[in-house]
Amino acid sequence: MLAVAGLAGLSAVAWSPPAMAYIGPGAGFAFAGSLLLIVAAVGLAVLIILAWPFTVAWRLIRVGNPFKHATAKRVVIVGLDGMDPGIATRLMQEGRLPNLQGLAGRGVFRPLDTSNPSMSPVAWSTFSTGVDPSLHGIYDFLTRDPCTYAPVLSSTDIGEAKKVLNIGKYLIPLEKPRIKLLRKGTPFWKLLGDRHIHSTIQRVPITFPPEPFRGLLLSGMCVPDLRGSQGTFSFFSTAQQDGQAAFTGGEQTVLRRNKEGTIRSRIVGPDNGMVKGSPRMTLPFSLHVASDRRTARLEVEGSPPVTLELERYSEWVTLSFDAGLGIQVKGIARFYLVSLEPEVSLYMTPIHIDPENPAMPISHPAVYSVYLAKLLGPFATLGLAEDTWALNERVIDEKAFFEQAMLICEERERMLFEALDHTSKGLVTTVFDTTDRVQHMFYRYLDPTHPANRDKEATAYADAIFRVYQHMDAMLGKLLAKVGDDPDTVVIVMSDHGFTNFRRGVNLNAWLRDEGYLVLKDGAHTSGDWFGQVDWSRTRAFSLGLTGMFINRKGREKSGIVEEGDEYVGLIAEIMRKLEALVDPATGQRCVRKVRSAIASADGPYRFDAPDLLVGYEGGYRNSWECATGAVTEEVFSDNTKSWSGDHCVDPEVVPGVFFSNRAIAVDAPHIADIPVSVLRLFGQKPLHQMKGRMLFATPGQPAEVRGPVEPERILQSGAAPGARVHLPGKDVAHG
Amino acid sequence: MDLFNALTSAVFDVLLAPFGYRLAWFDLVLWPVLAGIGALLVYKKVSNQAGIAAAKQRIMVHILAVVIYRDDILGVLRSTARALGWNVRYLAHNVVPLLVMIVPMTVLMVQLVAHFAYRPLEKGDVRLLEVALDPESGVSPKAVQLQVPQGVAVDAGPVRTPDGQVVWRLKMQDEGDFTLRLTAGDEAQNKALAVGGGPRKVPVLRSKTWEALLYPGEAALPRKSAFESIRVAADERDVSPLPGGEGGIVLWFFGTSLVAGFLLRNRFGVTL
């Protein structure tokens, strides 16, 4: 019917006598465009409707009724990255999380055992694939290149196109650049898709680039910004010290006013790979400060002018960088006017890939991000979207960071509810990062004696973490109201890990040096980042990243010296023993809870590329900032004075995640690897043999005896971990 | 009508004069492009740009939803219906700019047609002179008489039909701009005829209906005239490689102004 109407419309215009066309271009713009849209919409619909019987027949032949053995028609998983069972329990006891409390009462709440190491890329990869790191290959954000000892991103390999056409100053790529997901294993939503069960997966970490499957996916953590980094902010300020920028980190630009008071500068964009030498693309802008010193008018070339208000985020501004030959590379950023007097300071978020015109694949299918952007407006696409770096460098303050995080959270909520609107059967999974980022940056407020509180305001955001928990609880309330009492819908709220304090940094490289396992070049006692002064021919062990220690193994590392066999086994045993006895002289406490051998504790093929030792710290400790980047400092221990004051890169037993569900379960101590298996089973599908997780939910004939909230006494770890402090109104309680 | 035609003709005779009739292709490219730009500026001014952008956005959303949720057949139908619904809103947003632009655009197209669509007749050509009488005038076709000037001969006719049509076949014997004289009772009307010579504005039709607006080459017939229209069909002028004739120029104008407007929309910051 619609097709007939469309064709009739087309005919009417195509065969109208010339006089009728005298309506002119004014109408032509509208009618031609409109007609095209009608033809497109109707044509697509007709195609799909015509194909539908064949699709259904194909599905029936291939998989039959995919829901035949299902015990749930719809599963909704809300991932609250980093939600801590200790803090959640506290807030539930205080009645501040009524919806989570209600969910636990109707179904269950238990701590969720997490992966080792207990960090997001690892844990979410286990969630996606149902296997441990030795099978999915992700042990950290970073790993080392064994040929150079240089750090490489462990999740994604991004390279330039090899085939290019060389014309004058241009290098025109003849193929797509190489973007490869390094996470191994099969995500469980692909298995569901193969059985024609639809999934919408939003922002699950380590899904960039998106892998094709029968469903929708928006990539999460590890999506780069437009510059290819994991998030490089820009800071423009008239403040300077000796002609240099007054701050560090990101892209710092010293601004100068002209005689009229107007400031002109350039936004630094991505490298232009189409031009020889790959020069940076830039975008001129001007800033006109209003006479009331409360607002400023920002004019970025190619974008409509924006009025910026002091200490308020702008809407997303589209930045179009001209790569030449008519090609535009588009990104989006928000601006935040930090100050207008005495100095003018303007912060710009990292340039996110524009979801409406993505320069790299960030969704599957590619039009999914376009669809979401057109429906909901522009949204943050960067993997680590909340700009923790800017707050760590004190370029922005807590208020600016918190507002940014909440803006991103609201975008995510809209996505989740959009997915729910379209999913009556199948899986919806949305991961919220706000809980994680806010705990990282505001944990010091829970611990009045935290070293990071020195020289910083320490009370204004004392409730920031709680506010985020309550915000997520309110969102869950809306979700539960939408789902209603549908017995065929299973709702799971989970986190990949919990949280603990990060008071003291440990430089394992300095410790290895002191113990004689890491040797610096003659005359050097310390080294800068990336092992600059390390003498590899005499070094037996080194640490890179947040929990990993590598043995300099012969045949694996370029200059490896440790022989396989007894020497290797003896060395790791020796280091494990010494590390577990390591005491922080400032506190007299052991700082390492457990050291595990990656090879001995797993049997997957990628354990041989893994860090040889995974260091499980006690709460309150973590690899120091310098150690994570391969530096060797004077001292082994140091206070953590950064705003990044909470962490979870400790022993996994210290930081379990949370597991809430509206259905009771049959297993008392759920593990994150159980979730993919359980979802597959709920839909009546068989997990892959390498998925070792258990079915959490009761199967027909089996009782679901684990129900209700966990007894608070069982929450011994997480926010109450040794070294951590939990702030209670009126009294500070230090644990451990 | 006469005043309107006279005014617009006066303006366009001047505007089109610099390049004359010989460089037809130049005017036929220049004016549609300028019309496209003008239309853009007017469109930007008088249309609800935010509303148009929002409507387009929603249409696109629902079309993408058809693609993305193609396994959900009810969803596909719902999204298609919504896309069409928003399409109606989009069209509604275009009514005001359409009303504003329809007159100037029509005038421009009519003038281009009048100047470039036809060529003068050639010596030796035989053409029909078609006269239509207003049925309400009560004048009989038998009362219609024709006087031809030197250089034009009546080859055959008149043929009078009961529905008020009178037709003569004329033969062009000489080159020049001639005037035919037609009488019906007390009323006398002229009809211009262009034969030979270079390209110029060719008179085709005199009418007393709205059609006169489309043929500004001659004055309209008076409203009380017994004649409804007087026509001598002209040949299409060859303006290759561009399409010629009335229909060709109209379509060319329509297409070129659209393309120009579409290509320049971003430069002028207009949402179409």
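By convention in this document, chain letters (A, B, ...) are assigned in the order of the sequence lines, proteins followed by strands, and residues within each chain are numbered from 1.
The aromatic rings of Y69(B) and H422(A) lie parallel to each other, their planes meeting at an angle below 30°, with 60° marking the opposite boundary.
Here D72(B) contributes atom CG and W52(A) contributes atom CH2; the two are 10.0 Å apart, rounded to the nearest 0.5 Å. In this structure, CG in L375(A) is found 13.0 Å from CE in M60(B), a value given to the nearest 0.5 Å.
Interface summary for chain B: among H196(A), E418(A), K425(A), the most heavy-atom pairs under 4.5 angstrom belong to E418(A). Between chain A and the residues T256(B), V61(B), L108(B), V103(B), the most heavy-atom pairs under 4.5 angstrom are made by V61(B). With chain A as the partner, the residue from I73(B), V95(B), L64(B), V67(B) showing the most heavy-atom pairs under 4.5 Å is I73(B).
When every heavy atom of K374(A) is checked against every heavy atom of Q57(B), the shortest pair comes out as O-CG, 3.2 Å.
Contacts of I49(A) with chain B are made by both backbone and side-chain atoms, with heavy-atom separations under 4.5 Å. For chain A, the nearby part of R58(B) is the side chain; its heavy atoms alone come within less than 4.5 Å. For A373(A), the part lying under 4.5 angstrom from a heavy atom of chain B is the backbone only. Both the backbone and the side chain of I68(B) come within contact range of chain A, each with at least one heavy atom under 4.5 Å from a heavy atom of that chain. Of the two parts of V56(A), neither the backbone nor the side chain holds a non-hydrogen atom closer than 4.5 Å to a non-hydrogen atom of chain B.
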Exercise for the section: Begin with the C-alpha distance, continue with both residues' side-chain angles, and end with the deciding distance and a verdict on salt bridge (charged side-chain N to carboxylate O under 4.0 Å, His left out) for R214(A) and D71(B). Expected result: CA-CA 10 Å; R214(A) 185 181 279 269; D71(B) 288 343; 3.5 Å; yes
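Within a 6.0 Å sphere centred on NZ of K45(B), other residues, nucleotides and ligands contribute 12 heavy atoms or fewer. E410(A) CD: more than 12 foreign heavy atoms inside a 6.0 Å radius.
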